[in-house]
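See below for the structure under consideration.
Whatever order the structure lists them in is the order used to number ligands and atoms, beginning at 1.
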Amino acid sequence: MGKAVAVDREACIACGLCVSVAPEVFRLENGASIAYNPDGAPIETIKQCIDGCPVTAIYWKD
Ligand code: SF4
């Protein structure tokens, strides 16, 4: 397995973009997004979330 996507929940403003683009990876929980299923979508889809997040809260962790 390679990189796993994660969310900086402190930075997340809960705009909902990542949840709309990849609901099989992200969901809102207690006011912030969480990557509950990091392998739930193709890399390209997750990249869209990373690029689209207004506060750059989504990142790859090793
Ligand atoms: S796109 Fe960014 S700010 Fe919006 S819900 Fe997802 S992690 Fe949070």
Spacing of [atom1] belonging to [X] relative to [atom2] belonging to [Y], to within rounding of 0.5 Å:
X	Y	atom1	atom2	value
F26	N37	CZ	CG	10.0 Å
Y59	C53	OH	SG	12.0 Å
I46	E24	CD1	CD	8.5 Å
E44	D51	CD	CG	9.0 Å

Query raised in the report: Which atoms of the protein, restricted to N, O or S, are nearer than 2.8 Å to atom 8 (Fe) of ligand 1?
Result: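 Protein N, O or S atoms closer than 2.8 Å to atom 8 (Fe) of ligand 1: C12 SG.
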
Query raised in the report: Do L17 and Y36 belong to the same hydrophobic cluster, where Ile, Leu, Val, Met, Phe, Trp and Tyr are linked whenever their side-chain heavy atoms lie under 4.5 Å apart, directly or via other members?
Result: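 Unlinked, L17 and Y36 end up in two clusters.
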
**Report entry** Contact check, side chains of V5 and W60, non-hydrogen atoms, under 4.5 Å
**Finding:**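 They are in side-chain contact.
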
